[in-house]
Amino acid sequence: MVNYIWVGMTVIGIVFGMINGTMDQVNEALFVSAKEAVTLCLGLMSILVFWLGLMKIAEESGLLDKLSNLFRPFMRWLFPEVPPNHPAMGYILSNMMANTFGLGNAATPLGIKAMEQLKKLNGGKATVSRSMVTFLAINTSSVTLIPTTVIAIRMNYDAHSPTDIVFPTIIATAISAVGGIAIDRYFYYRRKRNGRE
Amino acid sequence: MLHWMTTISIWMIPLLILTILLYGTLKKVPTYETFVEGGKEGISMSFSLIPFLVGMLVAISVFRASGALDFIVQLLNPLLALLHFPAEVLPLAIIRPISGTAALGMTSDLISVYGPDSFVGRLAATIQGSTDTTFYVLTVYFGAVGIKKMGDALKVGLLADLIGIVAAVVVVTLVFGMK
């Protein structure tokens, strides 16, 4: 799936550039974006080092476990394949919380840690597990309480009340989270029926 | 309301750090050593991310720079008009799961052109705030830990985005009306 999408976007882009006469832009895009990707990774490094260091303290001190105890029933329902006391639960929860409160740069390292733990649970295989799909479904629907960036943009353009989109945003994001979980469950049972899981 | 919310966001991270450090000290964790040990992982992780992100970002930007994305948006326009989906927001809806920065640019563009208190402006803001860059999340999370077979993850993520966008249209219409 990823392979097709990846090749598809690039090939369509290049062919389109030929027809459309946008080869110049395509050439520029190639090199500029490659450079941007590396810069992005280096930018991520500072955040990753800082938050992974801090979270290690939270993990060792047992703070992370405390957090997961709080939401245990809900998490067990969401991730039936993860043992309730597994460190993955703590990371998944703290990632969800960071997302909810709009702490995007804290959320990424936590999410990666959660993935790492889920991979361990899956025997270290390079294939996706059921819990990983669920985790991503929740993550990409990004339940946010305070969409700070958007509020800032609206303020810039002198919105009458910059925060009046907060309520619709919360509703929309909640619907997409519930929808994401439902779709995830549907695909899981479909895989199960077809004997793939 | 805004003042109160910005204060909370500004205080949240320092307070979180404070809690983690104090709790760790209380539980007699060798805090500094543990921090360094945990932080080390971040270095290798960000290096291993480079090929994943380079690959994805190059494909996305070629697709966009060639004009192929605009073309597809134009093709879809009549179909969406039938479904009463506001055409102005369509490029944003398509780009949102693919590129976070491009989406942010489009959102501010829509807000500046149509005005922050217009239907389009509010809808753009809601879509931007309520969905995430699925491709980026997938690339980074799976890339960092070396998952190569994504299975249903991409499909599920994109469908969740679709639901989010449709929900945004419906909610914004219900709350503010179509003006």
Side-chain angles (χ1 to χ4, degrees), chain A residues 1-2 6 9-10 12-13 16-17 20 22 25-26 29 33-34 37 41 44-45 48-49 52-54 56-58 60-61 63 101 111-112 115-116 119 126-128 133 136-137 139-142 146-148 150 153-154 157 159-160 163 165 168-169 171-173 175-176 179-180 183-184 187, chain B residues 1-2 5 9 12 20 23-24 27 29 31 34-35 38-39 41-42 45-46 49-50 53-54 57-59 61-63 65-68 108 111-112 116-117 122 125-126 128-130 132 134 137 141 144-154 156-157 159-160 163-164 167-168 171-172 175:
Chain A
M1 180 85 170
V2 211
W6 187 62
M9 282 198 292
T10 318
I12 293 173
F16 210 87
N20 212 13
T22 42
Q25 285 93 312
V26 169
S33 62
C41 289
L44 263 180
M45 192 190 287
L48 281 173
V49 168
L52 290 185
L54 265 183
K56 188 91 185 169
I57 301 176
E60 302 264 300
S61 64
L63 196 63
F101 292 111
I112 294 175
M115 272 295 168
E116 202 178 70
K119 191 187 177 190
T127 35
V128 80
V133 182
L136 273 164
N139 218 288
T140 57
S141 51
S142 99
I146 316 158
T148 34
V150 173
I153 297 176
R154 283 172 53 82
Y157 290 107
H160 182 63
T163 51
I165 46 93
T169 304
I171 302 287
T173 195
I175 294 176
S176 83
I183 294 168
D184 167 52
F187 275 105
Chain B
M1 180 84 161
L2 179 68
M5 278 193 290
S9 354
M12 197 116 60
I20 293 174
Y23 194 81
K27 292 280 163 179
V29 173
T31 42
T34 314
F35 175 83
E41 287 173 42
M45 220 174 244
S46 38
L49 264 179
I50 294 178
L53 270 181
V54 169
L57 289 190
V58 167
S61 67
V62 165
F63 190 64
S66 66
S108 24
I111 291 178
S112 82
D117 295 319
R122 279 188 172 126
T126 308
Q128 176 71 29
S130 66
D132 208 329
T134 300
V137 174
Y141 285 9
V145 301
I147 299 285
K148 297 205 175 73
K149 290 240 182 285
M150 294 195 191
D152 286 335
L154 185 61
V156 173
L159 285 172
I163 294 180
V171 175
V172 172
V175 174

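Just the heavy atoms: all of them, side chains too, but no hydrogens, waters or symmetry mates, feed the values below. Protein chains get the first letters and strands the later ones, always in sequence-line order, with residue 1 at the start of each.
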Taking the side chain as C-beta and beyond, is there a heavy-atom pair between I163(B) and I175(A) under 4.5 Å? yes
If we only count heavy atoms from C-beta on, is the M150(B) to V133(A) side-chain gap below 4.5 Å? no
Measure the spacing between CZ of F35(B) and CG of L54(A) and express it to the nearest 0.5 Å. 5.5 Å
Between V175(B) and chain A, with a heavy-atom cut-off of 4.5 Å, which part of the residue counts as in contact: side chain, backbone, both or neither? side chain
V54(B), part contacting chain A, at a heavy-atom distance under 4.5 Å: both
Mind checking side chain to side chain donor-acceptor pair (under 3.5 Å) for S33(A) and listing every partner two or more places apart, or none if nothing turns up? S61(B)
Set of residues satisfying side chain to side chain donor-acceptor pair (under 3.5 Å) with respect to E41(B), sequence neighbours excluded: K113(A)
Options V26(A), I12(A), I153(A), I183(A), ranked by heavy-atom pairs under 4.5 Å with chain B, top entry: I183(A)
Could you check which of A172(A), G13(A), G180(A), A126(A) has the highest count of heavy-atom pairs closer than 4.5 Å to chain B? A126(A)
Is V150(A) close to chain B through its backbone or its side chain, or both, or neither, when contacts mean heavy atoms under 4.5 Å? side chain
So for I112(A), is it side chain, backbone, both, or neither that comes closer than 4.5 Å to the heavy atoms of chain B? both
Between L63(A) and I20(B), is a side-chain contact (heavy atoms from CB on, under 4.5 Å) present by the stated rule, with each step listed? CA-CA 7 Å; L63(A) 196 63; I20(B) 293 174; 3.9 Å; yes
Derivation and outcome, side-chain contact (heavy atoms from CB on, under 4.5 Å), residues I111(B) and R154(A): CA-CA 7 Å; I111(B) 291 178; R154(A) 283 172 53 82; 4.0 Å; yes
Does N20(A) use its side chain to pair, donor to acceptor, with the backbone of S66(B) at less than 3.5 Å? yes
Heavy-atom pairs under 4.5 Å with chain A, option from G42(B), S130(B), G164(B) with the top count: S130(B)
